[in-house]
2 protein chains.
Amino acid sequence: MPTAQILTIGDELLSGDTVNTNLAYLGERCRRLGFEVVRALSVRDRIPEIVAAVADVSVDLCLVSGGLGPTSDDLTAEAVALAAGVPLVRDAASEAAIAAVFAGFGRPMPDINRKQADLPAGCDVLPNPVGTAPGFAASLPRGSYVACMPGVPREMKKMMVEQIEPRLRRRFALPDIPRRVYRLIGRGESAVAVEVEPILAAARARSPGLAAVYLHYRAATPQVLLILEALAGEGGARATEEELRSFDAPLQAALRGSLYGIGEAELEVRVLAACRRAGLTLATAESCTGGQVAGRLTAVAGASDVFAGGVVAYANSVKTGILGVREDSLAAHGAVSEPVAREMAEGARRALGADLAVAITGVAGPGGGTPEKPVGTVDFAVADAETCTHKRVQCGATGRSSSTRRGSWPSSWCGTAWWPAASPTSRRSTTESF
Amino acid sequence: MPTAQILTIGDELLSGDTVNTNLAYLGERCRRLGFEVVRALSVRDRIPEIVAAVADVSVDLCLVSGGLGPTSDDLTAEAVALAAGVPLVRDAASEAAIAAVFAGFGRPMPDINRKQADLPAGCDVLPNPVGTAPGFAASLPRGSYVACMPGVPREMKKMMVEQIEPRLRRRFALPDIPRRVYRLIGRGESAVAVEVEPILAAARARSPGLAAVYLHYRAATPQVLLILEALAGEGGARATEEELRSFDAPLQAALRGSLYGIGEAELEVRVLAACRRAGLTLATAESCTGGQVAGRLTAVAGASDVFAGGVVAYANSVKTGILGVREDSLAAHGAVSEPVAREMAEGARRALGADLAVAITGVAGPGGGTPEKPVGTVDFAVADAETCTHKRVQCGATGRSSSTRRGSWPSSWCGTAWWPAASPTSRRSTTESF
């Protein structure tokens, strides 16, 4: 199985200015192609540091992103040329393509953009139809294949899929690596491991392929993903897709109540698909999550046939005005309460004309907690035509960071904590802590 | 200036299952403390690979996150012990603390969690009040200081701020590195560079400190951040805060119309602050962005005094029902049109009872584009009590990825593309391409 590393270049990746999403994207593409991604390195926009990183590559494939722009801190082409021991040469076709991009915007090409056409001699130029930076691929002196892409995610992704992946498929003998993802919610990693490890241990005895199955835990509170990957074991034995499926039954039995799905599709995709199958439209009424749940649902292409819309009811006047929450309920129970959650859900159904509505109201913090309702207290409700179900979840209030940004906890905790388990068949109400 | 590297451990970081947000967080904390973060490495959950990564550390500080959990693939303590040449020893205080966490949940401690108390002999144990994994710090044989934290962001952040940073302040002589961030919108990186480079070049001649100022470009379409950092130059000379401020006037002049702010505060923080200063409340009406703009605004702590709420008007029935968009306007002009954007903004003001409302309706793609309104066409409107302003933006439609997830473009492009420049003083309307 060929090995790969991801090299991402840019001060902004090290200084915390930018979250390195390119790494995750390229890692996933590599893995799905059949590469074993063994390391990822990020270095600064400095010639010696990039040269050292490239010269140090000891894997079959090194994917590089960043540093192909027009500015003085864009140095990847120069550094790769140095590492490969070849000069930089201006590529006429790339220069013309860059000029055409500017012409398309009706602007003259700034002189500094010409530099983007200076590429290592003898490299394989990778056109960039959506930006000014061409990419390039080359073999390094020690035999590794290196492919360099712009850092702009949109340009990088297009170049990876359209230019680089076909080259990799031709160049490398890529195995098919079966993998199976078990998606759990509302159970901690340790509690999952206690159930899973004996099942896996028993299976390992059954075949050399199963013995080599690799188990990843990915905790993304309140979710845990359990990923089985059929790595090659002794003599190259590898578990088959079917052998991985043999884990379904024992894991479903052991993880009942927590396992909401098997496979690659994420929670929001499954929520929309479940509604679609049932012929139901969906609406949201969000307070503490502030639109993040609607944002995640609508980020799935094709959400519009299921998702009618949402109300971000941040002010109480919006809860009463649009959603019809009763002033009495707010006064008697507070905005974070079972009656208000229920009235938000029922009001969202009516106001947005949807079959199902989910409501979320909680104490997001950092302020606003009380002994009775500490930060992290969240009331959920789901309403359909006949019923409305409520659940209170305590989202680990003690560990909130002191940062002034509240980050992603509302959507990761609250938006997803309860939907999949909810089947609103009665006016039931429960309380749970994670 | 002491140097640092970030080492993040976990298969999920390389396989694309998890975006490495810990890297950005730790990079930023290090930079602000006065470390020069020179590289970041991610390796898999494999003893030899972690040992090699730790043994290879040649910087003053190595921050490690991940691999301190209870499961079979949590190997950081063992690997650091091997790299440091010391045995693993069970730490009684940590064991008791882990048991106490489970007791707090009313659950027995699974046996596998005991392993989390096995730490390198002689290390400095870092308590984890919000999880089961203690951290630890130690000196490596070659003199580097290594501090290991759990990978769970909430636990990692608390340990970094409360345990590790005080130790680093005591241990290292940390310089103060002035930095200045110029925030631009609606102008490409090249166009910015053409204006900025001559200004910087002229300034470099004025002092050795200015000569050493380092310039980062961070393109996060449609924003560009320009970051000046006072690195140490010849003889340790470093530009002062005041010297960096001397760039304000020439940059403001050169980048007029694009520069929306100077400093660390992000766009959404500035939008809320501007409303707060003006005594205005704010509402949103989102179609293509699906709640992401409201989600970004409400992710800022304290948003509730300004942000009243929002409507995610995905279905046309929500546009007409809640926002009062006229059926006629939808039929005659389509959902992505100037009249509908204006009516959404005016309707959101009324329905949500806010002083200002912003409306966003666009063709998000991947489908739905037409020759007249290709994917990426977005209509914005801002309404106040007297006026409503419209703007159409063309968000680089050609480059949409073929992925089925639409990622973050709506919020990065559409939610932020126009607000700061908008001052709704007339019923004007403009069109712009980025």
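This is a predicted model, so every value here is computed, not measured. Below, each value reflects all heavy atoms present in this structure, side chains not excepted, and no hydrogens, waters or symmetry copies.
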- Message: Looking at A:Arg296 and A:Glu266, is any side-chain nitrogen of the basic one under 4.0 Å from a carboxylate oxygen of the acidic one?
- Response: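 Looking at A:Arg296 together with A:Glu266, the answer is no, because their closest N to O distance does not fall below 4.0 Å.
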- Message: Between A:Asp11 and B:Arg31 (salt bridge meaning N to carboxylate O under 4.0 Å), is one present in this structure?
- Response: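 So A:Asp11 does not pair with B:Arg31 through a salt bridge.
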Check whether [X] gets within reach of chain A through its side chain, its backbone, both or neither, counting any heavy atom under 4.5 Å.
X: B:Arg218; result: side chain
X: B:Arg46; result: side chain
X: B:Leu14; result: both
X: B:Val19; result: both
X: B:Thr8; result: neither
X: B:Asp17; result: both
X: B:Glu229; result: neither
X: B:Leu26; result: neither
X: B:Asp305; result: neither
X: B:Glu197; result: side chain

Could you tell me which of [options] has the largest number of non-hydrogen atom pairs under 4.5 Å with chain A?
options: B:Ala294, B:Ala191, B:Ser15; answer: B:Ser15
options: B:Arg44, B:Arg29, B:Arg39; answer: B:Arg44
options: B:Thr132, B:Val196, B:Thr281, B:Val38; answer: B:Val38

Could you pull out the closest heavy-atom pair between [X] and [Y], with the gap in Å?
X: A:Arg154; Y: A:Val130; result: NH2-O, 3.2 Å
X: B:Ala53; Y: B:Val43; result: CB-CG1, 4.1 Å
X: A:Val37; Y: A:Gly27; result: CG2-O, 3.9 Å
X: A:Asp73; Y: B:Tyr217; result: OD2-N, 3.5 Å
X: A:Ala193; Y: B:Ile112; result: CB-CD1, 3.8 Å
X: B:Val318; Y: A:Ala308; result: CG2-O, 3.6 Å

Could you look at [X] and say if it's the side chain, the backbone, both or neither that has a heavy atom under 4.5 Å from chain B?
X: A:Val311; answer: both
X: A:Glu36; answer: side chain
X: A:Leu352; answer: both
X: A:Asp45; answer: both
X: A:Phe102; answer: side chain

At a heavy-atom distance under 4.5 Å, which candidate from [options] has the highest pair count against chain B?
options: A:Leu23, A:Asn22, A:Thr21; answer: A:Leu23
options: A:Gly291, A:Ala40, A:Gly295; answer: A:Ala40
options: A:Pro70, A:Ser42, A:Ala351, A:Gly188; answer: A:Ser42
options: A:Thr18, A:Leu13, A:Asn20; answer: A:Thr18
options: A:Gly151, A:Ala315, A:Gly367, A:Gly69; answer: A:Ala315
options: A:Ala354, A:Gly309, A:Gly310, A:Gly353; answer: A:Gly310

- Main-chain N/O of B:Asp74 paired to B:Lys115 side chain as donor or acceptor, under 3.5 Å: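 Such a contact is found between B:Lys115 side chain and B:Asp74 backbone.
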With rounding to the nearest 0.5 Å, note down the distance linking [atom1] in [X] to [atom2] in [Y].
X: A:Tyr214; Y: A:Leu231; atom1: OH; atom2: CG; answer: 8.0 Å
X: A:Arg350; Y: A:Leu323; atom1: CZ; atom2: CG; answer: 8.5 Å
X: A:Ile6; Y: A:Glu28; atom1: CD1; atom2: CD; answer: 11.5 Å

- Heavy-atom check, side chain of B:Ile227 versus side chain of B:Leu215, under 4.5 Å: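 Result no, sub-4.5 Å side-chain heavy-atom pair not found.
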- Answer with yes or no whether the side chains of B:Glu286 and B:Thr289 bring together a donor and an acceptor at under 3.5 Å.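 Looking only at side-chain atoms, B:Glu286 and B:Thr289 do form a donor-acceptor pair, the distance falling under 3.5 Å.
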